[in-house]
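A quick write-up on the structure given underneath.
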Amino acid sequence: MAYEQITVERDGGVATVTLNRPDKLNALTAVMSDELIDAFTRVREDSDTRAVVVTGAGRGFCAGQDLSEFEAAYRSGQRPDIREHLAHSYHRLIPLVVETRKPVIAAVNGVAAGAGVSLAAACDLRIASEDARFTQAFVKIGLVPDSGGTWLLPRVIGHARALELSMTGDVIDAAAALEIGLVNRVIPTAGFDEEVAAYAARLATMPTAAIGETKELLREALGLSLEDALEREAEAQARMGQTDDHLEGVMAFAEKREPRFRGA
Ligand code: T3D
């Protein structure tokens, strides 16, 4: 599938989705959102894809909503309906990313702002290069966090830190992001792509069905009682216990060899 503003490359079990408007730090347009929705719909359905990387071309990860999209309207005194725009773009994209039943890694190669932070937070893991920066830029243009920012960020870094970043719009660097748990790892810029690729390739050889279930269980458990969480775990475990990967894992352990998981 050929896209205008993103690229999708496959290498073994890994699909890499690259936001590709480097001159605008990969700011999200309506076209890019539609393309991301299409790409994520496809990688979710493709059983050969067992890990997904989201990254940006050039020196940015994603500068959030492209502010020039509505500029002409604002200059002519119109006020576009942001709710309609959100419903069409982020409200479709962000749940698709969150609910993808395979590991999704944000490879944050540079600056992430506004909806770009939300996109990274919607991924399961965030690996930052030393050049990464993060800003909840919404407040700087008189807006509230959207694109799931109020739901995602507190889950990643806690309420107090999410509130501080969202109220101030302060830009934090990769080291500060690591300190507050916004990213899982920081990798030197030289060799960043290679390390991300190796990490994703490892995840793509793991038991994908169990990873998908694990994501869903942990997400749901935040809103459940302990009793209900135990019940959900038992349901999921009963299903995982029937998978080929479970059998392979147990056999590999017994036979003292590396398992060869197929993802199902
Ligand atoms: O309306 C709705 O739909 C509501 C939805 C909102 C969701 C949101 O995401 S709101 C937040 C939108 N994003 C921002 O407010 C961030 C704006 N950008 C910045 O603050 C800075 O660019 C950065 C901190 C991200 C990076 O700064 P810096 O100094 O490294 O780069 P720069 O020079 O500012 O930007 C480089 C180019 O990218 C520049 O273009 P030019 O002048 O070279 O042609 C700049 O205009 C462009 N760019 C950066 N961000 C955006 C953008 N163009 C359009 N939209 C952007 N968001």
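Values reported hereafter were calculated over all heavy atoms of this structure, with side chains retained and with hydrogens, waters and symmetry mates removed. Ligands are counted one by one from 1 in listed order, and the atoms in each one are counted from 1 as well.
Hydrophobic clustering, with ILVMFWY side chains joined whenever heavy atoms are under 4.5 angstrom apart, keeps V196 apart from V97.
A salt bridge between D228 and R232 is absent, with no side-chain N of the basic residue lying under 4.0 Å from a carboxylate O of the acidic one.
The number of heavy-atom neighbours closer than 6.0 Å to CD of E258, taken from other residues, nucleotides and ligands shown, is 12 or below.
Here the shortest heavy-atom distance to atom 2 (C) of ligand 1, taken over R83, E84, Q136, H85, belongs to H85. For atom 13 (N) of ligand 1, the candidate residues are G142, G169, A63, A113; the nearest heavy-atom contact is made by A63. Around atom 7 (C) of ligand 1, the closest heavy atom drawn from I141, N26, D146, T29 belongs to D146. Looking at V111, D81, I82, L86, it is V111 that brings a heavy atom closest to atom 25 (C) of ligand 1.
Polar contact check, L67 against ligand 1: a nitrogen or oxygen pair lies under 3.5 Å apart. Below 3.5 Å of separation, one finds an N or O of R133 facing an N or O of ligand 1. Close N/O approach between Q65 and ligand 1 is found [any backbone or side-chain N/O within under 3.5 Å].
No side-chain heavy atom of T208 sits under 4.5 Å from any side-chain heavy atom of R262. No side-chain heavy atom of D173 sits less than 4.5 Å from a side-chain heavy atom of E130.
For the pair R75 and F70, the cation does not sit on the ring face, since its NZ or CZ is not both under 6.0 Å from the ring centre and inside 45° of the axis.
For atom 10 (S) of ligand 1, the protein comes within 4.0 Å by at least one heavy atom. Atom 18 (N) of ligand 1 lies below 4.0 Å from none of the non-hydrogen atoms of the protein. For atom 34 (O) of ligand 1, the nearest protein heavy atom is 4.0 Å or more away. Closer than 4.0 Å to atom 42 (O) of ligand 1 lies none of the heavy atoms of the protein. Within the 4.0 Å cut-off (strictly below), no protein heavy atom is located near atom 45 (C) of ligand 1.
At least one heavy atom of D23 sits closer than 4.0 Å to an atom of ligand 1.
Regarding atom 1 (O) of ligand 1, its nearest protein heavy-atom neighbour is F70 CE1, 3.6 Å. Regarding atom 40 (O) of ligand 1, its nearest protein heavy-atom neighbour is K24 NZ, 3.4 Å. When hydrogens are left out, the protein atom nearest atom 21 (C) of ligand 1 is L25 CD1, 4.9 Å; that is the closest non-hydrogen contact. Looking at atom 54 (C) of ligand 1, its nearest protein heavy atom turns out to be D66 OD1, 3.4 Å. Ranking protein heavy atoms by distance to atom 28 (P) of ligand 1, first place goes to R59 NH2, 3.8 Å.
With no hydrogens or angles considered, a side-chain donor-acceptor pair links Q65 and H85 at under 3.5 Å. In this structure, a donor-acceptor pair under 3.5 Å is present between the side chains of D131 and T189. No donor-acceptor contact under 3.5 angstrom links the side chains of N20 and T18, judged on distance only. No hydrogens or angles considered: a donor-acceptor pair under 3.5 Å links the side chains of S118 and S147.
For ligand 1, the atoms sitting less than 4.0 Å from at least one non-hydrogen atom of A137 are 14 (C), 15 (O), 16 (C), numbered in the order shown with element in parentheses. Contact atoms of ligand 1 toward G64: 9 (O) (distance under 4.0 Å to a heavy atom of the residue). Near A115, meaning under 4.0 Å from any of its heavy atoms, are these atoms of ligand 1: 8 (C), 9 (O).
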For this session: Kindly determine whether K215 and E99 satisfy salt bridge (charged side-chain N to carboxylate O under 4.0 Å, His left out), including the steps that lead there.
Result: CA-CA 8 Å; K215 286 175 64 164; E99 291 161 18; over 6 Å; no
Problem set entry | Steps toward salt bridge (charged side-chain N to carboxylate O under 4.0 Å, His left out) verdict (E248, R257) | CA-CA 10 Å; E248 168 63 7; R257 61 173 172 80; 2.7 Å; yes
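Across all non-hydrogen atoms, the minimal contact from N26 to C62 is O-SG, 3.3 Å.
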